Protein chains: 2
Amino acid sequence: MATMSDIARRAGVALSTVSYTLSGKRPISEEARQKVYQAMEELGYQPNFLARALVTKRTKIIALLYPSYTLSSGQQEFVTSIAEMATTHGYALLLWTSPSENLEVMNMTHQGFIDGVILMEVALHDARVDLLREQNLPFTLIGRCENNEGLSFVDLDFDNAVETTIDYLRASGHTHIGLINQSEAMLKREVGYVVRARTAFYRAIQHHGLSGVDSCCDESEQAGYETVMRLFEQDPELSAFVLLTPWPSGGVLRAISDKGLRVPEDTSLVAIFSPRMAEMTTPALSSIEFPFNEMGRLGAQMLIQKLEGKEEEKAAQILLKPPLTVRRSSGPRA
Amino acid sequence: MATMSDIARRAGVALSTVSYTLSGKRPISEEARQKVYQAMEELGYQPNFLARALVTKRTKIIALLYPSYTLSSGQQEFVTSIAEMATTHGYALLLWTSPSENLEVMNMTHQGFIDGVILMEVALHDARVDLLREQNLPFTLIGRCENNEGLSFVDLDFDNAVETTIDYLRASGHTHIGLINQSEAMLKREVGYVVRARTAFYRAIQHHGLSGVDSCCDESEQAGYETVMRLFEQDPELSAFVLLTPWPSGGVLRAISDKGLRVPEDTSLVAIFSPRMAEMTTPALSSIEFPFNEMGRLGAQMLIQKLEGKEEEKAAQILLKPPLTVRRSSGPRA
DNA sequence: ATTCTTCGTCGAAGCGCTTCGCTAAAGTCT
DNA sequence: AGACTTTAGCGAAGCGCTTCGACGAAGAAT
């Protein structure tokens with residue numbers, strides 16, 4: 001690999017001249033510029049970003065920090081839109097796992113490699129936030145904590161989403177509603193939207209004088225089946241379900257069908273996840289249009305602005321309220 | 001941020017002594033070791049990986065290189081398993097996009113930042129392979145080219161998968177079969193499995209004296225619907241479809257249903273993609289069990305072995321032949 | 001007692017780049 | 001013509017680390 005000093009020698013100029021021709025931070029004569037470019041061409045020069053980063057303290061890498069080894073269903077969909085936004089702005093995306101039980105790792109790893117961080121699966125009380133603050137690393141959240149003072153985040157307004165859903169179901173004549181939430185593990189970790197969805201669910205139920213039950217559900221077809229069966233045992237009069245995780249959907253439908261019920265005539269289903277997922281089932285699921293792409297893009301954009309712009313802008317806090325799209329899985333109670 | 005020289009000063013030892021205590025590459029007295037650790041503690045020292053990498057020429061970062069901005073359906077599922085394997089071995093994963101029409105980007109970006117590369121959506125003739133070779137960057141493929149001499153790859157044996165599928169359908173009495181392939185764009189780019197699936201399809205059709213039609217299909221419900229309708233126009237006697245992309249599945253089922261046909265009584269469906277996706281539809285799709293996790297893990301492992309081990313092991317070439325799982329979407333022709 | 005080995009430590013070079021301060025040469029102004 | 005600015009380019013310092021060679025002080029061997 002040719003280095004700058006190779007170029008300098010070959011072009012017959014000083015090392016710094018080469019650097020300045022590349023960066024354009026000082027005027028360079030046309031003549032020198034030509035010689036430098038030619039030398040670069042001949043030697044197949046490629047700048048070493050590591051060396052540059054060591055000096056400039058900027059790597060143009062941002063990290064996507066998620067707590068477990070495997071991303072939970074929804075979170076995966078953020079990745080590409082974040083990566084796209086990052087790439088567009090000349091940043092690369094580093095996937096960074098920190099098992100939430102061992103934050104030590106976060107300390108040691110990648111010091112200096114990362115310009116900023118996007119936090120996923122944010123918990124109500126998230127130790128990572130404190131750590132990041134302490135380390136003085138710029139970061140934004142996709143999701144939010146309980147106390148969000150001074151934090152930049154983009155999140156879906158789950159309270160609103162659940163309320164909208166319950167309103168809609170109530171208006172369709174449903175009085176006994178089940179909530180099928182994310183996994184037990186995520187609830188235990190107090191991941192923001194999981195807790196919020198649950199709370200909002202019971203608040204809305206109570207507010208309208210309805211009757212509701214909820215359950216966590218793992219990310220598999222079978223779990224969906226079992227969860228529905230269990231909920232029906234708790235309340236045989238259930239006529240509607242709200243789904244927060246896509247993978248169990250098939251099992252949910254199977255269980256309802258096994259119960260001798262039809263969707264949407266007897267039982268209504270409303271999903272709060274990616275529309276692409278909602279359209280895979282038969283019948284297609286009515287759903288709150290979870291704007292993964294927009295959220296990912298916004299999160300990345302907010303971070304990049306922090307990195308590029310003047311440090312002290314106010315923390316941007318964005319709460320999206322996507323509409324409900326009615327598909328084939330819901331309707332008036334027969 | 002405290003640096004090594006801060007530690008050295010505080011501990012009253014030489015800079016190099018600090019370095020050696022950390023790396024253990026030379027013996028250090030217990031006494032010195034203690035002083036160093038204490039100083040590190042007091043100053044909250046964290047090593048700067050950038051500086052280290054500049055010297056050692058290793059960043060412990062591997063890149064996942066994909067050709068477009070957005071990952072196509074299947075590819076997404078590799079990401080987490082690769083990330084997991086990488087993390088386990090102390091590597092981080094960088095998401096790296098190179099629009100296939102502009103490989104220049106690959107040259108300039110991230111020189112020095114990347115120890116090795118995993119290539120996704122490999123085309124039969126893939127310019128990126130040449131480039132990577134030229135740059136002397138270690139890499140492995142998930143997928144494969146036409147000529148794979150000297151390449152390390154892990155791929156699903158699509159020829160075998162398609163043959164197995166056609167065999168099964170034929171044995172079930174189906175004689176007119178449709179193939180619903182990935183998008184036109186991917187076929188045009190000659191992405192390996194897209195081309196191979198198509199070729200293998202017609203080879204198997206011909207071999208058994210069946211009749212077959214194929215079509216590309218974009219990644220949406222609507223596209224699935226339209227594709228099926230189009231294929232039925234080409235051959236009204238179709239009684240089975242092979243699916244290579246999950247998102248259109250809902251639309252495929254809807255179209256079949258609109259035609260007044262039932263699955264599986266009238267029409268059989270077999271998928272070649274992730275079982276999780278196959279279980280979302282109703283009825284759940286029979287499918288070749290695409291081993292995303294295993295492939296991702298193997299791909300990452302192969303690369304890491306290259307990076308860690310002796311340079312010159314033979315290129316590992318792994319071709320997986322997963323079995324067909326029959327679910328509810330297929331059966332004997334009525 | 002003298003030489004030969006280890007052992008623990010130190011200083012300095014160097015990875016490939018950016019950037020600062022300086023200096024000639026050339027251009028501008030009275 | 002002299003003083004003053006501007007322009008283009010040079011050399012050197014330094015980013016934070018690894019690693020090499022050297023060197024006293026012990027301990028082992030003769």
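A quick note: this is a predicted structure, and the numbers were derived from the prediction, not measured.
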Out of D/dC17, C/dC10, C/dC17, which nucleotide sits closest to the side chain of B/T3? D/dC17
Please state how far atom CE in B/M4 lies from atom P in C/dA13, giving the value in whole angstrom units. 19 Å
Check this one for me: any side-chain N or O of A/S16 less than 4.0 Å away from OP1 or OP2 of D/dG9? no
Quick one: is D/dG16 close enough that its OP1 or OP2 comes under 4.0 Å of any side-chain N or O from A/K57? yes
Of C/dC10, C/dG8, D/dG9, the nucleotide closest to the side chain of A/S29 is D/dG9
Report the distance from atom CG of B/L22 to atom C1' of D/dT19, rounded to the nearest whole Å. 15 Å
Base, sugar-phosphate alone, or nothing: which one does B/A53 contact when heavy atoms must sit under 4.0 Å apart? nothing
Please give, in whole Å, the distance from C/dC10 P to B/Y20 OH? 12 Å
Rounded off to whole Å, could you give me the CD-to-C1' distance for the A/E30 and D/dG9 pair? 15 Å
Please determine whether the number of non-hydrogen atoms from other residues, nucleotides or ligands lying under 6.0 Å from atom CD of B/E30 exceeds 12. yes
Are A/E294 and A/R297 ion-paired here, with the side-chain N under 4.0 Å from a carboxylate O? no
What is the distance, rounded to the nearest whole Å, between atom CD of B/E31 and atom C1' of D/dA25? 14 Å
Shortest non-hydrogen contact from A/M302 to A/F153? CE-N, 3.3 Å
Closest-nucleotide ordering on DNA chain C, the 5'-leading residue of B/A32 and A/R26: B/A32
Nearest-neighbour nucleotide for the A/V55 side chain, D/dC10, C/dC17, D/dT19 considered: C/dC17
Could you tell me whether a side-chain N or O of A/Q317 sits under 3.5 Å from a main-chain N or O of A/N148, the two making a donor and an acceptor? yes
Could you measure the distance from the CG atom of B/D115 to the NZ atom of B/K57? Nearest 0.5 Å is fine. 12.0 Å
Answer yes or no: does a side-chain N or O of B/T56 lie under 4.0 Å from OP1 or OP2 of D/dT18? no
Shortest non-hydrogen contact from A/L151 to A/V129? CD2-CG1, 3.9 Å
Between A/K25 (NZ) and C/dC20 (P), how many Å, whole number? 9 Å
Value in whole Å for how far the C1' atom of C/dC15 lies from CZ of B/F113: 14 Å
What closest approach, in Å, do A/A39 and A/A11 show between heavy atoms, and which atom pair accounts for it? CB-CB, 4.0 Å
Rounding to 10°, can you tell me the angle the first-five-pair axis of the helix from C/dA1-D/dT30 to C/dT30-D/dA1 makes with its last-five-pair axis? 40°
Can you check the B/R52 CZ to D/dC15 C1' distance for me, whole Å? 16 Å
B/S19 side chain near D/dT18 phosphate (N/O to OP1/OP2, under 4.0 Å): yes
Mapping B/L54 and B/R33 to their closest nucleotides on DNA chain C, which lands nearer the 5' end? B/R33
Could you check which of D/dT19, C/dT9, C/dT18 has an atom nearest any side-chain atom of A/L15? C/dT18
Out of D/dG16, D/dG9, C/dC7, minimum distance to the side chain of A/I28 belongs to D/dG9
Check whether any side-chain nitrogen or oxygen of A/Y45 sits under 4.0 Å from OP1 or OP2 of C/dC17, and answer yes or no. yes
Taking it one step at a time, do A/Y193 and A/Q182 satisfy side-chain hydrogen bond (donor to acceptor under 3.5 Å, both in side chains)? CA-CA 9 Å; A/Y193 71 92; A/Q182 288 274 12; 2.9 Å; yes
